Amino acid sequence: MFEGNPFPGLRPFEFDENYLFFGREEQVTQLLQRLGNTRFLAVVGASGSGKSSLVRAGLLPELHGGTMTSTSIAWELSIMRPGGDPLTKLAQALVESNLFGDVNEENVLQTRATLSRSGLGLIEAYRQSDIEEGSNLLLLVDQFEEIFRFRQSGDKTGQEASHFIQLLLETARQTDFPIFIILTMRSDFLGDCAEFKGLAEAVNEGEYLIPRLNRKQRARAIEGPVKVGGAEISPRLKQQLLNDIGDDPDQLPILQHALMRMWDYWLN
Ligand SMILES: Nc1ncnc2c1ncn2[C@@H]1O[C@H](COP(=O)(O)OP(=O)(O)O)[C@@H](O)[C@H]1O
Ligand SMILES: [Mg+2]
């Protein structure tokens, strides 16, 4: 039996919350198909449109299902946000996926050194890792737009941002090693991609613009978790919620927050 609140509120759905994640079935299928043809995908949309949730709770758990028949079944996942130090964050994500022995500071530093050495650093890291031969590696760079904070700053952080992007692009360019890259990025930063050589081109080739949930999908996003939580929602309340949010895509976090609060209220 499920215990707790099946609605995450303002935060995104996480990888282990796939069973609470509803309304995005079609988009997950589309993304899986895309990933069968390309190894670089940029999931783009407004802030709060559901990018992180779609990839973390929708797409990634499905990879293990082996739906992507054209590639090997084994997947290693590394998830990061670039923050102020993308190379360290990448090294940490790889080490935390248990690809480089024990999870400790020394292995993070060593992996970071491998990544820094050349533009092929991510491929080199894959080669040196404990990853089983032929296994896929998927790197999710969530909130990729954080990288643009350092644009044009000629200093060390600016160079590191360029190097990080070069690592991603060089990896996407090759097919010898099964490394897949997914970015999520706010659409208002799309124009900034042109500031890094090759990035705009890569994003053009692998862009996925996230659609808003339609009314039917929004209904599923309400009913689904209620059911998993072992409860029921009256048709009238559901209609009221759907009418109140309407078609405004900015309302998804608000709906989610309202549902979370309502659940707590019901419990008491
Ligand atoms: N399929 C969904 N059903 C219900 N709520 C969702 C769904 N996808 C996202 N949300 C909610 O919408 C808000 C924004 O989602 P998030 O994934 O963080 O968007 P983004 O990464 O685009 O900013 C969060 O409150 C999240 O819980
Ligand atoms: Mg996000």
Side-chain angles (χ1 to χ4, degrees), residues 2 4-32 41-62 77-83 86 89 93 138-149 181-190 192-193 203 207-229 231 233 237-264:
F2 176 85
N5 194 322
F7 295 103
L10 293 174
R11 68 167 175 85
F13 287 80
E14 293 297 339
F15 180 79
D16 58 358
E17 292 174 325
N18 174 255
Y19 69 110
L20 297 173
F21 187 62
F22 291 89
R24 287 290 193 196
E25 295 77 4
E26 235 180 292
Q27 278 97 57
V28 169
T29 309
Q30 285 168 358
L31 281 177
L32 283 169
L41 262 184
V43 176
V44 178
S47 170
S49 57
K51 305 178 292 296
S52 300
S53 301
L54 173 61
V55 178
R56 286 170 183 254
L59 177 63
L60 297 190
E62 284 297 319
L77 307 176
S78 293
I79 302 179
M80 63 170 288
R81 285 166 38 184
K89 292 291 176 54
L138 186 138
L139 170 67
L140 167 61
V141 187
D142 202 5
Q143 296 184 210
F144 180 76
E145 69 270 5
E146 289 175 353
I147 207 88
F148 297 124
R149 266 192 251 153
I181 294 167
I182 301 188
L183 316 178
T184 72
M185 177 170 45
R186 268 170 51 187
S187 37
D188 35 332
F189 284 88
L190 266 174
D192 298 71
C193 292
V203 170
E207 186 183 341
Y208 183 84
L209 189 58
I210 193 170
R212 69 179 63 167
L213 295 173
N214 62 33
R215 191 176 169 104
K216 222 167 136 189
Q217 292 162 338
R218 288 194 296 266
R220 286 181 49 69
I222 297 172
E223 293 161 338
V226 168
K227 206 164 161 201
V228 174
I233 181 165
L237 175 57
K238 192 180 77 187
Q239 291 308 323
Q240 182 71 53
L241 282 165
L242 288 170
N243 292 343
D244 285 353
I245 26 168
D247 232 5
D248 185 349
D250 296 343
Q251 299 293 317
L252 192 55
I254 297 169
L255 168 69
Q256 190 51 241
H257 183 68
L259 286 163
M260 184 195 72
R261 295 295 297 271
M262 254 185 228
W263 186 273
D264 286 339

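FYI, side chains are in, hydrogens and waters are out, and symmetry mates aren't considered; it's all heavy atoms of this structure. The structure displayed is predicted, hence computed values, not measured ones. For ligands, and for the atoms within them, numbers begin at 1 and follow the listed sequence.
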Quiz item: Taking both backbone and side chain into account, is any N, O or S atom of Q143 nearer than 2.8 Å to the Mg ion (ligand 2)?
Solution: no

Self-check item: atom 5 (N) of ligand 1 - nearest protein heavy atom and its distance
Solution: Q256 NE2, 2.7 Å

Exercise. Check ligand 1 against R24 and write out every atom of the ligand that is under 4.0 Å from a heavy-atom position of the residue.
Key: 1 (N)

Self-check item: Where ligand 1 meets F22 - atom numbers and elements under 4.0 angstrom, heavy-atom basis
Solution: 1 (N), 2 (C), 3 (N)

Quiz item: Do you know which of R81, R186, R56, K89 makes salt bridge (charged side-chain N to carboxylate O under 4.0 Å, His left out) with D142?
Solution: R56

Quiz item: Which of the atoms of ligand 1 are close to A46, meaning less than 4.0 Å from one of its heavy atoms?
Solution: 22 (O)

Quiz prompt | Contact (N/O only, under 3.5 Å) between L10 and ligand 1 | solution = yes

Quiz item: Counting both backbone and side chain atoms, is some N or O of S47 under 3.5 Å from an N or O of ligand 1?
Solution: no

Quiz item: Do ligand 1 and G48 have nitrogen or oxygen atoms that lie under 3.5 Å from each other?
Solution: yes

Exercise. Determine whether any heavy atom of G23 lies closer than 4.0 Å to an atom of ligand 1.
Key: no

Quiz prompt | Under-4.0 Å heavy-atom contact with ligand 1, by part of S49 that carries it | solution = both

Quiz item: For residues R215 and N243, is any side-chain donor paired with an opposing acceptor at under 3.5 Å?
Solution: yes

Exercise. Provide the number and element of each atom of ligand 1 under 4.0 Å from a heavy atom of A221.
Key: 3 (N), 4 (C)

Self-check item: Numbered atoms of ligand 1 (with element) below 4.0 Å of F21, judged on heavy atoms
Solution: 1 (N), 2 (C), 7 (C), 8 (N)

Quiz item: Taking both backbone and side-chain atoms of G50, is any N or O found less than 3.5 Å from an N or O belonging to ligand 1?
Solution: yes

